[in-house]
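To start, the structure itself, in C-alpha cells.
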Amino acid sequence: MSTERKTLEERAQMSDIDRLRHSCAHVMATAILRIWPDAQFAYGPPVENGFYYDFDMKHRLTPEDFPKIEAEMKKIAKENQKFEWKGVTREEAKAMAESGRLGGLSERPGNPSRFKLDLIDKIPEGEQISCFQNGDFIDLCAGPHVGYTSKCKNVRLTSVSASFYMGDESKGQLQRLYGTAFPTAEELDQYFVQLEEARKRDHRKLGRELKLFHIDEDVGQGLILWTPNGAIIRQELQNFISEELRKQGYSQVFTPHIGKLQLYKTSGHFPYYRESQFAPVIENDDLAKVIKEGCSCCETYDRLYAVSEKLRSGINERAGREVIPADRVLPDDKLLDGFLLKPMNCPHHIKIFDSQPRSYRDLPVRLAEFGTVYRWEQSGELNGLTRVRGFTQDDAHLFCTEEQVAAEVLGCLSLVKIVLNTLGMTDYRVRVGLRDPDSSKFTGDAAKWDVAEAACREAAKTLGVPFTEEPGEAAFYGPKIDFVVKDVIGREWQLGTVQVDYVLPVRFDLSYIGPDNKPHRPVMIHRAPFGSMERFCGVLIEHFAGHFPAWLAPEQIRILTVSEKSEAFASELHAQLLAAGLRAKLDNGAEKIGAKIRNAQLDKTPYMLVIGEKEATTGSVAIRHSKKGDLGVKPAADFIASVLEEVRERRM
RNA sequence: GCCGGGUUAGCUCAGUGGUAGAGCAACUGAUUUGUAAUCAGUAGGUCGUCGGUUCAAAUCCGACACUCGGCUCCA
C-alpha cells in the first residue's frame, strides 16, 4: 500500500477503470454488511488489476463465502443505486463515525467506525471532507465514483488474505478481500483467460517441465538446486556478464561463503539485520567452553551479540556519533566470536581492497565476484527462484574517489542496460531510492547525500527510460538506483541495483593516499546488474516463456531421424555439432517424425534437424525452428556456421 | 512470522467413510515411419508426516512439514 496520500486533484484524475473498481469496492462493502452487519471497514482502493477492501469482523472469510457475497453484489448492481456525493464538516464526519454510520448501512450503537475515525484525523486541515452514499451504505470517501451501481455488475471476487491496518503490524490484523471488475462481461472473462495463459509461463511450472532447477524439502526451503539444464543457462549468463566486466576494467575475485561474526559487527549488518540472517556458527571449542561454564542460551547469544570496547570506540569515533551503544560492550574475555554465513559480499571485498596500500592512481578499484549469500527470508515470502534463502549475486564493489562517483555510477548503469538490451528485456522501471530526511534510518553527512543523490538522479536521466524518485527507499548507507521488473502475475521484483555508500568505508576505516600524500576516504559503489542469478533466471524464464534464444538454450539442436535408415549420417552429424561446441542431442528412437517433432517442440529446443534419406545422401539438413517453423534445407556445414554465429553474437 | 487455500503415481488430475483410478511420461515388444501424439503390453502408491474419532479413514478432527495467494519484511 502506498503511504502517499493522494490529493483531491490527483483523485479527480482517476482513470475510468479505477473509478469503476473503486465503486465496486463500495458495492462489495455494502454486500458484506448485508450479510455481516458488524463489519468495520478501513480502506478500499482500486489496485492494478482490481480492488480490495480491508475490514475487521467476527466471521472469518474463506473462498466458500465468495458466491454469497458476489450474489449480493449483483443484487445491489441490479438495484441500480445512485452514488451520491455529500460534503460534510469534520464534526459531522466524526459524529457519523462515532455512531457507527460511516462504512455502515445504518447507525450501529456501540460499534463506532473506528478506522474511519482515524482516517478523518489523517485528513489535512482545510481539505473538503466528503462521503459517498449508495442505497443505505455511507462511506467516508473522496471519490470519484461511477454514477450508479448498475455499472458494477461485471465483477468477481478473487482472493482473501490478512493485512495490517496502514501496513503496521502493531495495529492489528484485518481481512482483505480482493476482487476485480471490468466494464463488460467479455473483458472480465478475457482477463481470466489471460491470467490462465500467463500462468503457463510461470517459472516454477516451466522450471519443472524443462528440468531447470529443483527445490528439495530435505535440503531446505528456498535453497535452489540447479539441475543440468538450468546450470547451462546460468553459466552462459555468467560468461556473458564476465565478458562485459573485463571490457569495463573489473577484476575478478573469489571469497568464501562464511566470515567471522566480528566482521559483520564492524560492517553493522550483525546485529542490525540479525532477524534475516542464518544463526551464527559457533566453534566447537567455544561451544564446549560455554557448555562447561553452564552458560544459558540467552547468555551465549548476548556474548555473540556483544562487541569489544575497542571496536565500539573506533567506529563511534570515525562516525562522529554513537553508532554502537555502550550497552552492547562486554569485557574481551566474555566475548564469543563465531562465523556467519555471509549475508552479503561487501565485507570480504572491503578486506581485499584493504589488504594493501592504495594510491589515488589505483582508483577506481573494481572487484567483481559471483558471490553466494544467505539470508533468512520469512517462510511466507519464499517464492520459486525469485525469493530464496541462498543466492548468488553478480556482485561487485567499486572503490573510488568522490570525484569519480558520478562517472562510475554511469558505467554501472550502462552495464545494466547492455545486459537488459541483449536479452530483449525492455519492460522494466527504474527507481531512484532517496533518503527520507525525516527518518533516522539514514546515516551520514547530509552534504554527501545531496551529492550522491544528484549523481544518481543525473545518471538515471541518461538511461532514456522513465524513472521514479522514491524518498525513503534508499539503503541506510546511501542512495541507490534499482531496476524493477514484473513477473507473470504482475508482482514486481528488484533485479539490478547500483548503490552509493559513504558509510562502510568509515566503519572499516578505509583510505587511499591522495596526490597531497595524505590519506583520504574512498567512496564505495555496490552494484549487481542481474541482482541475483536465481531471481534473474526466474524472471528470464518467464520473459522467454521457456523459449530461450540459441545461446542460452540448454539444448540448442536436436537431430530427428525419419527412420533408422539415416541413422549413420545422423550420428556423424551429431558428432560434428558436438565438436563445434554446440549443445545437441540425437533422437533416433522408434517414433514417427511427427512425434519426435512434437517432443522437441515441447522441450522448446530452438533448432530441430529433420534427417531422412534425402538429407543423408546430400549431406544436408532440413531445419525447423521451434518458433519460426520450417526453414528449408541447407548444407550441414552452412547450418553449423550460421548457428555458431548466432550463438557468438548472442542473437535473440 | 501472520491470514486463507492446497498436498492422491515422475507430471496433470478424478475419487465425500466400505478392496486406490485415468491420461501423459517411464519400461518391454511390434512398427521403419517426412514436419506437433503408431499400436499393444508391463510396471509404478504407507493417498505429505504424526496422532485422534470409527467396526472401517485418501475421505472426519488435531498438530506439524511443505506449497500457493496475499500481508509484513527485503542490507
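Residue numbers begin at 1 in each chain, while the letters A, B, ... track the order of the sequences. Since we're looking at a predicted model, the values are computed, not measured.
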- Query: Starting at CG of Leu609(A) and ending at C1' of G34(B), how long is that distance when rounded to a whole Å?
  - Reply: 14 Å
- Sugar-phosphate only, base, or nothing, as touched by Pro63(A) at under 4.0 Å among non-hydrogen atoms: sugar-phosphate
- Tell me: CG of Asp216(A) to P of G48(B), nearest whole Å? 17 Å
- Residue met sooner reading RNA chain B from 5', once Glu377(A) and Ile597(A) are mapped to nucleotides: Ile597(A)
- Message: What's Gln499(A) touching, base or sugar-phosphate or nothing? Going by heavy atoms closer than 4.0 Å.
- Response: sugar-phosphate
- Message: Using the side-chain heavy atoms of Ile489(A), tell me which of these nucleotides is nearest: G70(B), A75(B), U33(B).
- Response: G70(B)
- Message: Could you identify the nucleotide paired to C66(B), looking across every strand shown and requiring Watson-Crick or G-U wobble geometry with both distances under 3.5 Å?
- Response: G6(B)
- Would one find a side-chain N or O of Arg491(A) under 4.0 angstrom from OP1 or OP2 of G70(B)? yes
- Message: Measure CE/Met524(A) against P/A75(B) and give the value in whole Å, please.
- Response: 15 Å
- Message: Nearest heavy atom decides the nucleotide; on that basis, is Gln173(A) or Leu602(A) closer to the 5' end of RNA chain B?
- Response: Gln173(A)
- Query: What interatomic distance, in whole Å, is found between C1' of U16(B) and the corresponding atom of A9(B)?
  - Reply: 22 Å
- Message: Whole angstroms only, please: what is the NE2-C1' distance between His397(A) and A75(B)?
- Response: 10 Å
- Query: Between the side chains of Gln393(A) and Asn345(A), is a donor N or O closer than 3.5 angstrom to an acceptor N or O?
  - Reply: yes
- Message: Any side-chain N or O of Ser379(A) below 4.0 angstrom from OP1/OP2 of G1(B)?
- Response: yes
- Query: If pairing requires Watson-Crick or G-U wobble contacts with both distances under 3.5 Å, which nucleotide is the partner of C71(B)?
  - Reply: G1(B)
- Task: Sticking with atom P, work out how far A40(B) lies from G48(B), rounded to a whole angstrom.
- Result: 32 Å
- Query: At under 4.0 Å between heavy atoms, what does Ala600(A) touch on the DNA or RNA strands: base, sugar-phosphate, or nothing?
  - Reply: nothing
- Are any of Lys565(A)'s side-chain N or O atoms less than 4.0 Å away from OP1 or OP2 of U33(B)? yes
- Of the nucleotides C71(B), A36(B), C11(B), which has the atom closest to the Arg208(A) side chain? C11(B)
- Query: Does U32(B) have a Watson-Crick or wobble mate here (both distances under 3.5 Å), and if so which one?
  - Reply: none
- Positive for side chain to side chain contact (heavy atoms under 4.5 Å, CB included) with Glu534(A), one of Thr386(A), Thr372(A), Ile224(A), Val539(A): Ile224(A)
- When the ring planes of Phe270(A) and Tyr305(A) are compared, do they come out parallel, tilted or perpendicular, using 30° and 60° as the limits? perpendicular
- Hey, what's the ring geometry for Tyr607(A) with His625(A), parallel, tilted or perpendicular (30° and 60° as the breaks)? perpendicular
- Item | Pairing nucleotide - C47(B), Watson-Crick or G-U, each distance under 3.5 Å | none
- Message: I want to verify a distance call: between U33(B), A36(B), G69(B), whose nearest atom is closest to the Ser159(A) side chain?
- Response: G69(B)
- Query: Taking atom types as they are modelled, is there a donor-acceptor pair under 3.5 Å from the base of U32(B) to the side chain of Glu564(A)?
  - Reply: yes
- Query: Hey, does Glu613(A) reach any base, or is it just sugar-phosphate, or nothing, if we go heavy atoms under 4.0 Å?
  - Reply: base
- Query: Would you say the side chains of Asn588(A) and Thr561(A) form a donor-acceptor pair under 3.5 Å?
  - Reply: no
- Message: Under 4.0 Å, counting only non-hydrogen atoms across every strand here, what does Ser161(A) touch: a base, just sugar-phosphate, or nothing?
- Response: base
- Message: Quick test of your reading of the model: are Arg387(A) and Glu377(A) salt-bridged, counting only N-O distances below 4.0 Å?
- Response: yes
- Item | Between A65(B) and A22(B) - C1' atom distance, rounded Å | 29 Å
- Query: For Arg274(A) and Tyr301(A), does a side-chain donor sit closer than 3.5 Å to a side-chain acceptor?
  - Reply: yes
- Task: For Ala595(A), answer base if it contacts any base atom (sugar-phosphate contacts may also be present), sugar-phosphate if it contacts only those atoms, and nothing otherwise; contact means non-hydrogen atoms under 4.0 Å.
- Result: sugar-phosphate
- Query: With sugar-phosphate meaning primed atoms plus P, OP1 and OP2, does Gly380(A) contact a base, only sugar-phosphate, or nothing at under 4.0 Å between heavy atoms?
  - Reply: base
- Quick one: is C71(B) close enough that its OP1 or OP2 comes under 4.0 Å of any side-chain N or O from Tyr52(A)? no
- Quiz item: Ser267(A) side-chain donor-acceptor pair to A75(B) base, under 3.5 Å: no
- Message: Categorize Ser276(A) for me: base, sugar-phosphate, or nothing, with a 4.0 angstrom heavy-atom threshold over every strand shown.
- Response: base
- Val610(A) side-chain proximity, nearest of G34(B), A36(B), A75(B): G34(B)
- Query: Is any side-chain N of the basic residue among Glu209(A) and Lys604(A) closer than 4.0 Å to the acidic one's carboxylate O?
  - Reply: no
- Item | Side chain of Tyr178(A) (C-beta onward), nearest among G4(B), C71(B), U32(B) | C71(B)
- Message: Over all strands shown, is Asn599(A) touching base, sugar-phosphate only, or nothing at heavy-atom distances under 4.0 angstrom?
- Response: nothing
- Query: Is there a donor on the side chain of Glu615(A) or the base of G34(B) sitting less than 3.5 Å from an acceptor on the other?
  - Reply: yes
- Query: Please give, in whole Å, the distance from G1(B) P to Asn383(A) CG?
  - Reply: 16 Å
- Message: Looking only at the side chain of Arg624(A) (C-beta and beyond, no hydrogens), which of the listed nucleotides A36(B), A75(B), U33(B) gets closest?
- Response: A36(B)
- Message: When you compare the side chains of Thr180(A) and Asn49(A), does any donor N or O come within less than 3.5 Å of an acceptor on the partner?
- Response: no
- Output the single nucleotide from C3(B), G5(B), U35(B) whose closest atom is nearest the side chain of Ala622(A). U35(B)
- Side-chain N,O (Arg375(A)) to OP1/OP2 (C73(B)) below 4.0 Å: no
- Any donor-acceptor pair under 3.5 Å joining the side chain of Arg387(A) to the base of C74(B)? yes
- Rounded off to whole Å, could you give me the CD-to-C1' distance for the Glu492(A) and G70(B) pair? 16 Å
- Message: Just N and O in the side chain of Gln175(A): are any of them under 4.0 Å from OP1 or OP2 of C3(B)?
- Response: no
- How close or far is atom P of U35(B) from atom CZ of Arg598(A), stated in whole angstroms? 16 Å
- Note on the structure: Of the candidates U67(B), G4(B), A75(B), the side chain of Ala475(A) sits closest to A75(B)
- Just call it for Lys596(A): base, sugar-phosphate, or nothing, with non-hydrogen atoms closer than 4.0 Å on any strand. nothing
- Query: Of all the choices, U35(B), A75(B), C2(B), which nucleotide is nearest to the side chain of Gln277(A) once you look at every atom?
  - Reply: A75(B)
- Message: Output the rounded distance in Å from CZ (Arg156(A)) to C1' (G69(B)).
- Response: 16 Å
- Message: From the set G70(B), G4(B), C73(B), return the single nucleotide nearest to any side-chain atom of Gln378(A).
- Response: C73(B)
- Message: Taking G51(B) as the reference, what is the distance to A57(B) when you measure between their C1' atoms (whole Å, please)?
- Response: 13 Å
- Query: Hey, does Glu217(A) reach any base, or is it just sugar-phosphate, or nothing, if we go heavy atoms under 4.0 Å?
  - Reply: sugar-phosphate
- Message: Is the phosphate of G69(B) approached by Arg204(A) (side-chain N or O, under 4.0 Å from OP1 or OP2)?
- Response: yes
- Using the ring of each side chain (for Trp, its six-membered ring), is Phe530(A) parallel, tilted or perpendicular to Phe536(A), with breaks at 30° and 60°? parallel
- Message: With a 3.5 Å limit on both atom pairs, tell me what A22(B) is paired to, counting Watson-Crick and G-U wobble, or say none.
- Response: U12(B)
